[in-house]
Amino acid sequence: MKLLYFAWLRERIGVGSEDVSPPEGIETVRQLVDWLKTREPRYDHAFAETAAIRVAIDQEQADFDAPIAGAREIALFPPVTGG
Amino acid sequence: MTVRVQENDFDPTTELDALCAGRDDIGAMVSFTGLVRGGDVSEMTLEHYPGMTEKALEEIEREARNRWPLQGVTIIHRVGPLAPGARIVFVATASPHRAAAFEAAEFLMDFLKTRAPFWKKEATAEGARWVDARESDGEAASRWTREKS
């Protein structure tokens with residue numbers, strides 16, 4: 001699946017998007033983020049405060065307990081500040 | 001309806017003219033134009049989530065049409081680097097009477113600020129910083145949910 005990062009999350013991780021294949025047993029957004037945090041320190045740093053992070057699955061707002069099965073695109077980003 | 005996300009500037013007068021062109025049934029148009037505030041900010045850069053941004057704006061527009069008898073809606077949001085004083089966002093509504101046009105324009109801005117995936121980064125003399133989401137924006141949006149119930 002494709003992961004997208006925006007704003008300071010993108011800067012801390014160092015890329016705007018990447019393709020990942022989470023191992024079996026990773027079923028929710030929260031588990032996906034916890035798995036990413038174990039990969040490299042930059043993820044751990046980026047996801048230190050998950051309360052400040054929002055998620056969209058296939059371009060629809062979702063939450064951290066949402067299942068990721070079948071998702072093509074998961075975006076993680078800080079609260080929006082447009083307007 | 002018009003929803004646009006663009007780097008280029010827009011002209012509010014042209015947009016309002018387009019909203020009512022060829023019609024004689026519109027009684028009121030209300031528009032809001034947001035500008036980049038200067039002060040210690042030398043430049044504002046807008047990042048967005050292409051694809052989802054347009055979908056979110058269209059959804060907000062649909063929601064407004066469900067709530068008020070609107071004859072037209074325009075939403076334009078700029079992205080990329082913007083100088084202080086630059087236009088950044090525009091919403092306009094058209095309806096037979098002013099109350100719906102005023103309320104819907106305010107609703108569109110409140111929801112746009114909390115639902116559409118845009119992020120602002122400010123450049124200042126001390127360096128660049130991402131703008132934090134404001135609690136008051138969340139409260140402004142949630143009052144529409146309370147009023148509905």
Side-chain angles (χ1 to χ4, degrees), chain A residues 1-20 28-30 32-33 36-37 41-83, chain B residues 3 5 32-37 41 44-60 75-80 82 87-91 105-122 127-138 140-141:
Chain A
M1 66 182 59
K2 188 178 183 185
L3 299 185
L4 298 174
Y5 312 115
F6 292 97
W8 54 257
L9 202 61
R10 170 179 56 73
E11 290 181 347
R12 287 185 191 177
I13 292 170
V15 294
S17 72
E18 62 182 330
D19 287 305
V20 298
T28 65
V29 173
R30 190 181 309 281
L32 174 71
V33 168
L36 287 169
K37 285 166 76 172
R42 61 192 167 109
Y43 292 97
D44 200 31
H45 172 56
F47 292 114
E49 307 159 55
T50 47
I53 293 167
R54 303 289 178 266
V55 59
I57 298 178
D58 291 332
Q59 304 190 352
E60 297 283 345
Q61 282 197 31
D63 58 50
F64 271 62
D65 295 318
I68 61 169
R72 294 181 307 278
E73 183 175 299
I74 296 180
L76 295 151
F77 44 80
V80 301
T81 55
Chain B
V3 169
V5 179
F32 170 86
T33 305
L35 308 174
V36 178
R37 249 193 324 271
V41 175
M44 177 92 86
T45 302
L46 262 293
E47 179 170 331
H48 80 301
Y49 180 175
M52 182 175 169
T53 309
E54 291 81 357
K55 279 168 67 172
L57 294 177
E58 283 162 12
E59 207 169 295
I60 294 164
I75 305 174
I76 303 171
H77 205 300
R78 294 180 69 191
V79 293
L82 298 169
R87 283 180 280 266
I88 177 168
V89 61
F90 178 82
V91 305
E106 200 170 5
F107 169 90
L108 287 167
M109 277 310 301
D110 286 346
F111 269 55
L112 182 154
K113 273 183 151 331
T114 52
R115 298 251 185 109
F118 292 100
W119 299 272
K120 290 192 182 106
K121 190 177 194 179
E122 297 173 338
R129 63 183 180 222
W130 289 97
V131 173
D132 282 328
R134 292 157 58 107
E135 207 171 307
S136 58
D137 286 338

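Throughout, protein chains are lettered first and strands after them, A, B, ... in sequence-line order, and every chain is numbered starting at 1. In what follows, every heavy atom counts, from backbone to side chain, and hydrogens, waters and symmetry copies are set aside.
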Shortest non-hydrogen contact from A:Val80 to B:Ala133? O-CB, 4.0 Å

Largest heavy-atom contact set with chain A, pairs under 4.5 Å, which of B:Gly34, B:Ala116, B:Ala56: B:Ala116

Has the side chain of B:Lys121 got a donor or acceptor atom that lies under 3.5 Å from a matching backbone atom of A:Trp8? no

A:Gly83 versus B:Met109, closest heavy-atom pair with distance: CA-CE, 4.1 Å

With a 4.5 angstrom heavy-atom cut-off, could you sort out which part of A:Arg10 is near chain B: side chain, backbone, both or neither? side chain

With under 30° as parallel and over 60° as perpendicular, where do the rings of A:Phe6 and B:Trp119 fit, or are they tilted in between? parallel

For B:Arg134, does the CZ atom have more than 12 heavy-atom neighbours from other residues, nucleotides or ligands under 6.0 Å away? no

When the 4.5 angstrom heavy-atom criterion is applied to B:Asp132 and chain A, the contacting part is backbone

Which answer fits A:Gln61, side chain, backbone, both or neither, if we ask what part of it has an atom under 4.5 Å from a heavy atom of chain B? both

Does any heavy atom of chain A fall under 4.5 Å from the side chain of B:Arg115, the backbone, both, or neither of them? both

dist B:Lys55:NZ -> A:Glu60:CD (nearest 0.5 Å) comes out at 5.0 Å

Looking only at non-hydrogen atoms, find the nearest pair between A:Ala75 and B:Tyr49 and report the distance. CB-CE1, 3.3 Å

Shortest non-hydrogen pair, A:Gln59 vs B:Pro50, comes out as NE2-O, 3.9 Å

